[in-house]
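Data first, discussion second: the structure below is written as structure tokens.
Proteins come first, then strands; the chains are lettered A, B, ... in the order of their sequence lines, and each starts at number 1.
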Amino acid sequence: VTVWEEEKYEAGVKWRFLEHKGPYFPPNYQPLPDNVHFHYKGKPVKLSLAAEEVAVFFAQMLDHEYTTKKVFRENFFTDWRKVMTQEERLLIQDLDKCDFGEIHAMHKAKVEEKRNMSKEEKLVLKEASQMIVEEFGYCLLDHHRERIGNFKIEPPGLFRGRGEHPKQGMLKKRIQPEDVIINCSKESSIPVPPAGHHWKEVRHDNSVTWLASWTENIQGAIKYVMLNANSKLKGEKDWEKFEVARKLKTHVDGIRKQYLEDMKSREMRIRQRAVALYFIDKLALRAGNEKEEGETADTVGCCSLRVEHITLHKQLDGKDCVVEFDFLGKDSIRYYNKVPVISKVFKNLKLFMENKDPGDDLFDRLTTAMLNKHLSSLMPGLTAKVFRTYNASITLQQQLQELTNESMDSDAEKLLCYNRANRAVAILCNHQRAPPKTFEQSMANLQAKIDTGKEQLALAKVELKQAKKDAKEKDNSDPKLVVEKKEAAVKRCKERILKLEVQATDREENKQIALGTSKLNYLDPRISVAWCKRMGVPIEKIYNKTQRDKFAWAIDMTDIDFEF
DNA sequence: GCAGCCACTTAGTAGCCGGCAT
DNA sequence: ATGCCGGCTACTAAGTGGCTGC
């Protein structure tokens, strides 16, 4: 009986036995040495320990652009003043008169010192952190010792949200054992809190998968300590997710037919639901839950799109009925796309936008809850996000079929095509990244290699010409051999250049595209495992160690002819 | 219906590390 | 030996969507 074939639990039960050591707490704050000062209005001021710690958080970030942002500075200053003593609060009233220079310099020196540590010193540090992983990084869940994903309590600091976050710069407070809820088996050895402390609560709830939790102070959200992605629990959940997406494959034709029909409904909410679903299906948009205003950055998904986020073009670039999308999605990543749509969609959008202001909801009669309720009636387990998984995986499968075949000879060529297929999905899902800081440099380096290669090719051609000439003039067998050798050299040069140019193209195309997110979350790993088997590509070429661990379930059980 | 709570997945990035060219 | 580059990991923010209690 393998790990994957063990008996199932009754519904809602996630484990029978759970034992762990509790979370690991970050070290306490170390006060500044006596020779490092904070200055206010040019004069050194000795801060209380609490105020000093928060000052250090700010000083450490001074190289970052966001410490110059108004919102960040105001939030920081407000929260900093909250931890000051009465006396400090009276004195320190203007952030612009604060000088963190010495603290900043000390921090930079520390970073530099750490960077310059010897191999031996680094090894000592590594071993110490390994010890912590050994002690706190694993739990016992039923029969298995499992790695915990995030067993460390998040250290205090200044909150930096993504995009224009209204809470950026606020103080993220230090978490104490008194804030932490422990979840484990009644009959397990209960984790011991740090000396002199106690847990907020110890509970024994086997209907959830988390081992510990606390509430963070910025958004009031709950943070969880959970298992690593390579655990049995997470693996099974992952498998289930892809099975639901596969099931959509057999329902999707009917669902599409229905939402096209629904676009003609007399009821506005059904029309809106249909058009939203069309976008979610065609463009792999996220559902777009409502967000509390002022709590987070202003981002949207499908159902929360506003009139200002789309522009309708009766004609654009020679195409009819084009919808131009421009909005900030999850993580404030911009979604920009010009999409030709069917006229039914176009007309409905026009209707939805009538008599509305730019800031009004496009789908004012629709919520994600309504949409998901409808979807679950069409197929058990179906929600908006299943469409993303389904369309991502089916796109990978189709692209691999189109771009690759067994007769391709080099692994490099196969892998380039695999990456292209992966990239098609990443573009569909709008998975972007900041261009690497060294991007221009590394492209230039690659170009330099190509240039060198071309020089070598030119030289090789000259030598080949000469060899041919020699062969004509002197009619013996030796020069022919030379000609063949020179021809081979020219061919090698051409191949090398081609390979470099392909690499350059691949890298250029990948400049702002992140492949990892789709690979890890949206692409059924069985598609890739089966492809590797068919193409004779070792699985290591497409999945690194972490990814192989996460997808162990798929690598174990996938047949060569698996179809998503 | 809907607001708040809760549990879980999905997301981009900073910084570390190891391998390779010089 | 050194320094650079690219891949990987750790981190934690930001989503999705179910449930509950009115």
Side-chain angles (χ1 to χ4, degrees), chain A residues 12 14 26 64 111 114-115 117 119 122-123 125-126 129 133 137 149-155 157 159-163 165 167-168 172 181 183 205 207-210 213 215-216 218-229 233-234 237-238 240-241 280 286-292 295-297 299-304 328-333 367-373 375-376 381-389 392 426 429-439 441-443 445-446 449 507 510 512-522 543-547 549:
Chain A
K14 305 294 172 64
H64 284 274
V111 170
K114 199 174 170 207
R115 210 174 58 84
M117 277 189 316
K119 260 214 163 72
K122 279 186 180 167
L123 191 66
L125 239 53
K126 198 178 170 184
S129 94
V133 173
N150 58 326
F151 60 89
K152 288 180 177 167
I153 295 280
E154 294 172 17
F159 176 78
R160 171 63 196 161
R162 316 242 166 99
H165 202 295
K167 299 198 169 186
Q168 65 188 89
K172 183 169 137 170
I181 303 172
N183 192 32
D205 181 357
S207 72
V208 295
T209 66
W210 53 268
S213 72
T215 303
E216 54 85 33
I218 305 286
Q219 326 257 9
I222 306 170
K223 298 271 188 163
Y224 300 94
V225 171
M226 287 185 187
L227 295 186
N228 190 281
L233 205 69
K234 295 272 191 189
K237 201 77 190 300
D238 215 28
E240 263 173 46
K241 173 182 80 183
I280 284 168
R286 295 186 185 83
N289 281 313
E290 270 175 282
K291 300 168 75 182
E292 218 177 320
E295 292 292 299
T296 62
T299 63
V300 297
C302 185
C303 294
S304 50
L328 297 182
K330 182 176 178 180
D331 295 309
S332 293
I333 298 291
T367 66
T368 54
M370 288 159 62
L371 179 64
N372 283 329
K373 201 178 160 203
L375 290 175
S376 75
L382 187 61
T383 63
K385 91 186 185 90
V386 177
F387 281 86
R388 248 167 104 78
T389 312
C429 294
N430 201 38
H431 290 142
Q432 298 189 31
R433 62 168 183 171
K437 285 190 182 72
T438 55
F439 185 82
Q441 186 57 51
S442 80
M443 283 309 285
N445 289 349
L446 204 53
K449 274 190 192 170
R507 200 179 293 180
N510 235 17
Q512 304 201 71
I513 312 285
L515 300 185
T517 303
S518 49
K519 209 180 209 180
L520 226 50
N521 299 300
Y522 289 103
Y543 289 143
N544 67 32
K545 181 76 175 73
T546 315
Q547 292 162 343
D549 285 348

A/Phe151: what forms a ring pair (Phe, Tyr, Trp, His ring centres under 6.0 Å) with it, not counting sequence neighbours?
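Not a single residue meets the ring pair (Phe, Tyr, Trp, His ring centres under 6.0 Å) criterion with A/Phe151.
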Restricting to salt bridge (charged side-chain N to carboxylate O under 4.0 Å, His left out), what partner residues turn up for [X], sequence neighbours left out?
X	result
A/Asp205	none
A/Lys152	none
A/Lys241	A/Asp238
A/Arg433	none

For the side chain to side chain donor-acceptor pair (under 3.5 Å) test, which of A/His165, A/Arg162, A/Lys291 pairs with A/Thr299?
A/Lys291
In whole angstroms, the gap separating P of C/dA14 from NZ of A/Lys167 amounts to 11 Å
How close or far is atom C1' of C/dA10 from atom CG of A/Asn228, stated in whole angstroms?
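Distance, rounded to whole Å: 11 Å.
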Touch check for [X], heavy atoms < 4.0 angstrom, all strands: base, sugar-phosphate only, or nothing?
X	answer
A/Lys122	nothing
A/Thr209	sugar-phosphate
A/Met370	nothing

According to a strict under-4.0 Å criterion, is A/Lys545 in side-chain N/O contact with OP1 or OP2 of C/dC8?
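Result: no.
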Partner residues of A/Lys545 under the side chain to side chain contact (heavy atoms under 4.5 Å, CB included) criterion, sequence neighbours left out
A/Arg548, A/Asp549
Which residues satisfy the side chain to side chain contact (heavy atoms under 4.5 Å, CB included) test with A/Ala221, sequence neighbours excluded?
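For A/Ala221, the residues satisfying side chain to side chain contact (heavy atoms under 4.5 Å, CB included) (neighbours in sequence not counted) are A/Glu216, A/Gln219.
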Given the rule that a pair is Watson-Crick or G-U wobble with both distances under 3.5 Å, how would you write DNA chain B in dot-bracket, using | for pairs to a different strand?
||||||||||||||||||||||
For nucleotides 1-4 of chain C, list the nitrogen or oxygen atoms of the protein found under 3.5 Å from its nitrogen or oxygen atoms, one pair per line.
none

Validation row: A/Arg286, A/Lys385 side chains within 4.5 angstrom (heavy atoms)
no
Is there a side-chain contact between A/Tyr224 and A/Thr209 (heavy atoms, below 4.5 Å)?
no
Heavy-atom nearest nucleotide on DNA chain C for A/Lys223 versus A/Asn544: which residue maps closer to 5'?
A/Asn544
Taking the nucleotide of DNA chain B with the nearest heavy atom to each, does A/Arg115 or A/Ala434 sit closer to the 5' end?
A/Ala434
DNA chain B: 5'-proximal contact among A/Arg433 and A/Asp238 (nearest heavy atom)
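It is A/Asp238 whose nearest nucleotide is closer to the 5' end.
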Sugar-phosphate or base contact per nucleotide [nucleotides 15-22 of chain C; S, B, -; heavy atom under 4.0 Å]
SBBS----
At a 4.0 Å cut-off to heavy atoms of chain A, the contacted part of DNA chain B spans B/dC6 to B/dG18
I'd like to check the side-chain hydrogen bond (donor to acceptor under 3.5 Å, both in side chains) partners of A/Asn150; sequence neighbours left out, ordered by chain and number.
none
